[in-house]
A.B. asks: 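Below are the structure tokens for one structure; questions will follow.
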Amino acid sequence: MKRILDITFKDLIELTRNRMTFLFLLIMPIAFTVLFGFAFSGGGSGPEDPRLPVGFLNLDGELLSLELTGQLEASTVFRLVVDPEATPEGLEQQVADGDLAAAIVIPAGSSQAAVAGDPVPLTVFVDPSAISGMTIEGDLQAAANRMNNAILTARIVVAVSGEDSAFEPALGEALAAWENPPIRVNDTTSVPAETGSGSQGNSFTHTAPGMMLQFAIAGLITAAQVMVSERKNRCLQRILTTATSRLQILLGHYLAIVILLLGQFILLIVFGQLALKLDYLNQAGATLLVMLTTALCIGGLGLLIGVLARTEEQAIMFSLLPMFILSSLGGAWVPLEITGPTFSAIGHVSPVAWSLDGFQNILARGLGLESVLLPSLALAGYAVLFFLLAAWRFRRASA
Amino acid sequence: MKAIEVTNLHKAFGETRAVIGVNFTVEQGEIFSLLGPNGAGKTTTISMLSCLLRPDDGDALILGHSLRKDPMGVKSVLGVVPQEIALYDDLSASENLTFWGKMYGLRGAALKARVNEVLEIIGLTDRARDRIKKYSGGMKRRVNIGVALLHKPKIIYMDEPTVGIDPQSRRSILDSVLALKSEGTTVLYTTHYMEEAQELSDHIAIMDHGKLIAAGTHNELVRIVGEADRITLSLNAESARLIEAWKRTRGVQQVDAEDGNLTLLVDDSNQVLPRLFEAAAASDVRITSVDIQEPDLEVVFLHLTGRALRD
Ligand SMILES: Nc1ncnc2c1ncn2[C@@H]1O[C@H](COP(=O)(O)OP(=O)(O)OP(=O)(O)O)[C@@H](O)[C@H]1O
Ligand SMILES: [Mg+2]
């Protein structure tokens, strides 16, 4: 047991010496929560499907545009009408004729441009005389914001993960990109695009835990890198020449990641409670349980990443990918409640969805301990799964 | 009890047969060297003897603990200095030593005192708080060795601890190896520098292409090539008559002529050299340079493999 704690303690020293740890775990989630908080208010509570038909043409077809498509499909305001034969001119005509409420065109090369840091103008055709135009643009803007959030996150992570000396300029550059968001809604009509302003209660109720979870996963980068470099610089082999078992090593690393995540959660929850007026402490026991099981779960994921990644670069990739997939799928960007039952069911494949359920029950619905038992159980299940996978891989890998 | 008893170790990596039927015995308290060129299988052997690699066949007893049956017992009596530096770059020397001390089972005040002692031994007390990544290669090597001294193990393996460092650091490392021996520690040392093996070792095993090709004390090994000294000479003029005269001289075993240089194998250069000069004077030939090489492991290796130890 002592050896486990020795390894944990050593890991924590290494982690706290890395400025990236604090950037990922504290600075970025707070910045993103505050800056994007208002963009997530999620529109009105639209009933059934009287959603407006909006023509949609994706001339890009690469990862980011597909992700944006997914975001737009989840809209409560409009539904996408996709015609493979469509042309931008044809769509414009259809809008003018009143067949479509609006049309959105993603230009070719958008994904690449966004990744490279160039602005991506989305073209929108709306009928300026129709009131619906404004609503559509608002919702589109919100989806674009969510994508921007994700792209900026990735860009910052990649920028600061490089050379240590390049840390500050890279961070400065990446933050400056906020002034100039990657995806811009370029309306071709006179109606100005307007961001939906927060209306229903506290708009941070969803954003704050959402961003906390997103960046908890992003923060696994540094934890996984500690494990990767331990293997690469042969310290792992050296530990194995002492009377320390592989299980002890794994548990030591796991405990370090979990403690780090708990530290992050506590600080962000205190920040939410004090600065954002989110009432976590009203249900302190429930908050504690969700927090703990979430840390165990994401910590397990981090352990798995650390065991699987062969290089520091892979540790970044293997952390960013789940960050994107689990966050978007799990509703960290768009609340699953407003995306419909099918989406929500699929979304619960992601542990992020369960954790958000837990936090939403506490924050939005004011429910107590009982309401978070199921989410916590699911999270604990994921924790066990991730840990076992990591242990299995770790045992097989010849050090 | 023997410190190390190796029987018939085998290890292959796919097609590469890295270690082939290696046997040797190391007495307690001695320095035993594995000498061999790159790729001979030294590190593979050490890895098996420290339970990092599982042998394909064979076993070894380390102070009576079997590699196969009691790996934890083996690990508990060992200190290992790996060939590649294995330290945490973001921790200081003293933090590294403290961490490794804990891994070796030391705690509390004893650990703290021992870390300071080791820092003293490796001569880095005044740099103890600097992070490893700011250290020079030689300093890192010294910390790398220091780690294995922490728990005062009965047996220490050192895998090429002097590779790629300046002569001064190298000297201090060799001295610390000798100091370990004087404290009764058994050292299994690998190197491809024959001078090191020669200076340090009680026993030497020469390894090549996965096999032990010879083992014994330095003198025993040298006797393999017949205790000949090697004298290399150059002359101011070629003289077949002189070469014939030298071949008949008492104590000369062999004379080889190759583009102006003559190489002689002789029993004892001290006695033979005056006779060579006499014969040269008699033939009216001047000797312009003389080089005497007493038999060494380089010659032994050349003799056994037909190749030089270093390429
Ligand atoms: N993990 C491995 N996978 C495949 N081949 C290996 C592995 N480790 C060693 N070998 C091969 O086994 C042989 C012996 O290597 P080893 O490292 O034991 O030699 P060495 O005597 O320590 O050499 P050096 O002086 O260069 O350190 C080499 O041919 C090497 O390429
Ligand atoms: Mg080697």
Side-chain angles (χ1 to χ4, degrees), chain A residues 1-22 163-165 167 222-253 255-256 260 306 312 315 394-399, chain B residues 11 13 43 46-54 62 65 67 70-92 94-108 111 131-133 140 143-145 147-148 150-151 153 155-157 159:
Chain A
M1 185 63 201
K2 272 187 185 153
R3 284 168 197 267
I4 297 175
L5 295 178
D6 294 335
I7 292 172
T8 301
F9 182 67
K10 185 270 301 169
D11 277 9
L12 288 175
I13 297 181
E14 284 187 277
L15 285 168
T16 47
R17 292 219 167 131
N18 190 339
R19 286 183 291 177
M20 263 163 51
T21 306
F22 297 102
E163 281 284 287
D164 203 33
S165 57
F167 181 87
T222 49
Q225 281 180 336
V226 163
M227 291 178 64
V228 171
S229 74
E230 174 168 275
R231 196 162 55 235
K232 269 184 33 181
N233 64 22
R234 311 249 166 186
C235 288
L236 176 59
Q237 282 209 342
R238 191 166 208 165
I239 299 179
L240 288 172
T241 68
T242 71
T244 311
S245 71
R246 282 176 182 267
L247 185 63
Q248 287 174 318
I249 297 172
L250 210 58
L251 284 171
H253 290 315
L255 196 59
L260 191 74
E312 271 92 346
F394 194 60
R395 235 161 231 298
R396 281 169 29 115
S398 67
Chain B
K11 183 77 195 179
F13 301 102
T43 300
I46 293 257
S47 298
M48 287 190 280
L49 295 182
S50 41
C51 306
L52 277 176
L53 278 179
R54 214 181 155 67
I62 315 295
H65 302 281
L67 293 187
D70 184 14
M72 279 297 166
V74 170
K75 291 174 185 188
S76 67
V77 297
L78 281 187
V80 180
V81 181
Q83 177 169 0
E84 322 261 352
I85 289 163
L87 299 168
Y88 294 99
D89 275 348
D90 278 324
L91 303 187
S92 70
S94 97
E95 284 166 338
N96 261 288
L97 291 173
T98 304
F99 172 75
W100 290 111
K102 289 176 184 167
M103 289 299 106
Y104 281 126
L106 300 175
R107 311 261 148 207
L111 171 62
R131 298 204 192 162
I132 294 294
K133 65 174 162 203
K140 284 184 196 172
V143 181
N144 198 41
I145 293 172
V147 166
L150 284 161
H151 60 308
I155 302 180
I156 292 188
Y157 300 162
D159 196 359

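Chain identifiers are assigned alphabetically (A, B, ...) following the order of the sequence lines, protein sequences preceding nucleic acid strands; residue numbering begins at 1 within each chain.
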A.B. asks: Out of A:Ile239, A:Asp6, A:Val226, which one racks up the most heavy-atom pairs below 4.5 Å with chain B?
C.D. replies: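 Going by pairs under 4.5 Å, I would pick A:Asp6.
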A.B. asks: Main chain of B:Lys75, side chain of B:His65: is a donor-acceptor contact present, judged purely on distance under 3.5 Å?
C.D. replies: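 Looks like no, no N/O pair under 3.5 Å.
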A.B. asks: Below 4.5 Å from any heavy atom of chain A, which atoms of B:Phe99 appear? Answer side chain, backbone, both or neither.
C.D. replies: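 Just its side chain gets close to chain A.
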A.B. asks: Considering only heavy atoms, which portion of B:Asn144 lies under 4.5 Å from any heavy atom of chain A: side chain, backbone, both, or neither?
C.D. replies: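 Interface part for B:Asn144: both.
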A.B. asks: B:Arg54: which residues meet the side chain to side chain contact (heavy atoms under 4.5 Å, CB included) condition with it, sequence neighbours left out?
C.D. replies: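 Only B:Arg68 meet the side chain to side chain contact (heavy atoms under 4.5 Å, CB included) criterion with B:Arg54.
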A.B. asks: Against chain A, work out which of B:Leu53, B:Leu87, B:Asp90 has the most heavy-atom pairs shorter than 4.5 Å and name it.
C.D. replies: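 Of the options given, most contacts go to B:Leu87.
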A.B. asks: I'd like to check A:Lys10 versus A:Glu230 (side-chain heavy atoms, cut-off strictly below 4.5 Å). Are they in contact?
C.D. replies: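 In contact.
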A.B. asks: Working to the nearest 0.5 angstrom, can you tell me the gap between B:Ile132 CD1 and B:Asp89 CG?
C.D. replies: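 Between B:Ile132 CD1 and B:Asp89 CG, I get 7.5 Å after rounding to 0.5 Å.
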A.B. asks: So which residue, B:Arg107, B:Met72, B:Glu84, ends up with the most heavy-atom pairs under 4.5 Å with chain A?
C.D. replies: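 Counting heavy-atom pairs under 4.5 Å, the top option is B:Arg107.
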A.B. asks: Taking atom types as modelled and ignoring hydrogens, do the side chains of A:Arg3 and A:Thr244 form a donor-acceptor contact shorter than 3.5 angstrom?
C.D. replies: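 Yes, A:Thr244 and A:Arg3 have a side-chain donor paired with an acceptor closer than 3.5 Å.
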